[in-house]
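Comments concern the structure below.
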Amino acid sequence: MELAELYRDVILDHNRKPRNFGPLEHATATVEGFNPLCGDRLTLRLALADDRIADIRFEGDGCAISTASASLMTEAVKGKTRTEALATFATVHRLLTDDGAAVDDRLGKLAALSGVREYPARVKCASLCWHTLAAALGSPHTQALPAVSTE
Ligand code: ZN
């Protein structure tokens with residue numbers, strides 16, 4: 001599948017039917033993210049057990065790219081250890097910002113996020129949830145943290 005086609009299909013699909021969307025009971029970390037450039041708001045909740053993301057869900061109100069990226073992220077990191085999830089964050093961050101970053105099969109649907117590179121103004125929309133995740137993993141036992149801005 002062409003990357004442009006993958007980008008369009010995956011973003012549309014995950015915006016229309018966001019995965020892991022809604023509240024999460026027994027969350028061990030709750031972090032809010034805000035992207036002032038676009039107005040995207042996101043609340044990310046996760047349940048860490050033995051340093052592994054046992055469950056992760058999000059709520060919020062954002063553009064198609066921010067919603068799709070959060071949906072893809074929850075699918076990608078659920079079940080991963082904190083270290084693995086942060087490594088995925090680093091990979092996606094390169095994918096979003098580095099034109100030279102390789103897109104390979106191991107990325108699965110996350111490869112679609114590389115399409116955002118074509119729209120520099122939307123990179124913050126796509127990276128919002130990932131920065132929010134990194135903040136959540138930094139303080140896993142905090143119930144409520146102050147809002148985190150990606151600026
Ligand atoms: Zn946005």
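First listed ligand is number 1; within each ligand, the first listed atom is number 1.
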Q) Taking side chain as C-beta onward, heavy atoms only, is L113 less than 4.5 Å from S69? A) yes

Q | Cut-off under 2.8 Å, centre the Zn ion (ligand 1), protein N/O/S atoms | A | C38 SG, D40 OD1, D40 OD2, C63 SG, C125 SG

Q. Within a radius of less than 6.0 Å around CZ of R41, do more than 12 heavy atoms belonging to other residues, nucleotides or ligands occur?
A. no

(Q) Quick test of your reading of the model: are D51 and K80 salt-bridged, counting only N-O distances below 4.0 Å? (A) no

(Q) If you define the side chain from C-beta out and look only at heavy atoms, does anything of D50 sit under 4.5 Å from T81? (A) no

Q. What do the steps show when you test F89 against L137 for side chain to side chain contact (heavy atoms under 4.5 Å, CB included), and what is the final call?
A. CA-CA 11 Å; F89 164 69; L137 291 174; over 6 Å; no

Q: Taking only Lys NZ, Arg NE, NH1 and NH2, and the carboxylate oxygens of Asp or Glu, determine whether E25 and R45 approach each other closer than 4.0 Å.
A: no

